[in-house]
Amino acid sequence: MAIQSPALTLAIDALFGNIKPALDIIKKLGPTDFSAEAPGIDIKPGTTTKVPLSTVSAALAFNDDTNNYLTGGDTEWATLTATHYLQGFDMRGTDLDQGINASRVKQLFSNRCGTGIAMAAKKAIKDALDGSSIPVSTVVQLPDVKEATIEHYDGLSGAKDWFDAASSVLVVNSAEYSHLKAVMHASHLSATPESIAAELGFAEVLVLPGLTARALIVPYSSVGFVARVPQVIADYKEAGTETDEDSGLSLGIVVASDQRLNRQVVNGDLWFGVATVGSPANAAKPGIIKVGTKA
């Protein structure tokens, strides 16, 4: 069911616009399973559900016996934990659609909810790529960041024959990207992410600020994303599901009344999770390679 409140309806485009930075990262990194709604189970804030997958492109029905979303393919690849996010704000007053409230809903709700979800999603992606399930490679290595040359970076695309660099993403942190731009300029080459990717032979070069790992090679289908709208189980004043036409991401929106404090609580409601498949330290099997540093 779609949201009926005129003020909330006007906020939808801006809401997804604020989520877009995270969606851009997701689109580059791997396949998605953005089905609209969760099954009829009791979902509470802060709980998690696990999803075995190799790729999330072929989702099957929810398994009532295990409380898992099951996916097609080789389920030995990874296990995903999707976390429940509630992002929004409290607003004094009793009518979302009258007077100043209507404009506040569009501005504050779309910004706080959209930006909050985008930040949570980007942190989930960064944490997954920095996680211990992706060991630092002892085979695919670069010299210290201040010593690496363009020839060293060029060698990454052919580091292993089991991944196709043309469909893989090179993810770097801010320090690595700054040095990579410097060596590109020193070689009289353009240093945009697109031109760097073309020079090094990768599909994309993605910069993730705050990433602890200096660089990761991410073959397609070695990272996947699941998003679900929790089933509404409470008696909300208004609740509905809205879908972004570009990405297919659905977001639940719920409005609750707090009569004691004469306010309404407006929240975006979403399950979101990231699954990764790490290559072993000796880079012997397919998966994400966390590039090491030569001693």
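We use all heavy atoms of the structure for the numbers below, so side chains are in, but hydrogens, waters and symmetry mates are not.
Here the closest heavy-atom approach between residue Val223 and residue Pro31 is recorded as O-CD, 3.2 Å. Ala283 and Ser279 make their closest contact through CA-OG, 3.2 Å (heavy atoms, listed as atom of the first residue, atom of the second, distance). Lys160 approaches Val140 most closely through the heavy-atom pair CG-CG2, 4.4 Å. Taking each heavy atom of Tyr220 and Gly30 in turn, the nearest pair found is CE1-CA, 3.8 Å. The minimum heavy-atom distance between Ile288 and Ser222, with the atom names listed, is CG1-OG, 3.3 Å. Summarising the geometry of Trp162 relative to Lys285, their closest heavy-atom pair is CZ2-O, 3.2 Å, with the distance given to 0.1 Å.
A salt bridge links Lys20 with Asp24: the closest approach of a Lys/Arg side-chain nitrogen to an acidic carboxylate oxygen falls below 4.0 angstrom.
With values rounded to the nearest 0.5 angstrom, Ile117 atom CD1 is found 8.5 Å from Phe16 atom CZ. Between Glu147 atom CD and Thr149 atom OG1 the span is 10.5 Å, to the nearest 0.5 Å. To the nearest 0.5 Å, atom CD1 of residue Ile196 and atom OH of residue Tyr177 are 4.5 Å apart. In this structure, the separation between OG on Ser247 and CG on Leu23 is 4.5 Å, given to the nearest 0.5 Å. We find the OG-CD1 distance between Ser137 and Ile289 to be 6.0 Å, quoted to the nearest 0.5 Å. Between the CD1 atom in Ile253 and the CG atom in Leu15 there is a gap of 5.5 Å [rounded to 0.5 Å].
Side chain of Asn267 to backbone of Asp269: no donor-acceptor contact under 3.5 angstrom is found. Judged by distance alone, with hydrogens and angles left aside, the side-chain atoms of Lys181 form no donor-acceptor pair with the main-chain N or O of Pro193 at under 3.5 Å. Under the 3.5 Å distance criterion, the side-chain polar atoms of His152 are left unmatched by any main-chain donor or acceptor of Leu142. Listed for the Thr115 side chain is no donor-acceptor partner under 3.5 Å among the backbone atoms of Arg112.
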Side-chain donor/acceptor pairs under 3.5 Å, residues 197-219, sequence neighbours excluded:
residue	atom	partner	partner atom	Å
Thr212	OG1	Asp130	OD2	3.3
Arg214	NE	Glu176	OE1	2.8
Arg214	NH1	Pro143	O	2.8
Arg214	NH1	Thr293	OG1	2.9
Arg214	NH2	Pro143	O	2.9
Arg214	NH2	Glu176	OE1	3.4
Arg214	NH2	Glu176	OE2	3.0

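When side chains are defined from C-beta on, Val226 does not count as touching Phe272, because their heavy atoms never get closer than 4.5 Å.
One hydrophobic cluster holds both Ile19 and Ile26 under the rule that ILVMFWY side chains link at heavy-atom gaps under 4.5 Å. Hydrophobic clustering (side-chain heavy atoms under 4.5 Å, transitive across Ile, Leu, Val, Met, Phe, Trp, Tyr) groups Leu129 together with Ile25. When the side chains of ILVMFWY residues are joined at heavy-atom separations under 4.5 Å, either directly or via intervening members, Ile134 and Val172 end up in two distinct hydrophobic clusters.
Environment of NZ in Lys122: crowded, with over 12 heavy atoms of neighbouring residues, nucleotides or ligands closer than 6.0 Å.
In this model, a donor atom of one side chain and an acceptor atom of the other lie less than 3.5 Å apart for Thr243 and Ser250.
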- Item | Trace of the side-chain contact (heavy atoms from CB on, under 4.5 Å) decision for Phe225 with Leu249 | CA-CA 11 Å; Phe225 305 89; Leu249 176 70; over 6 Å; no
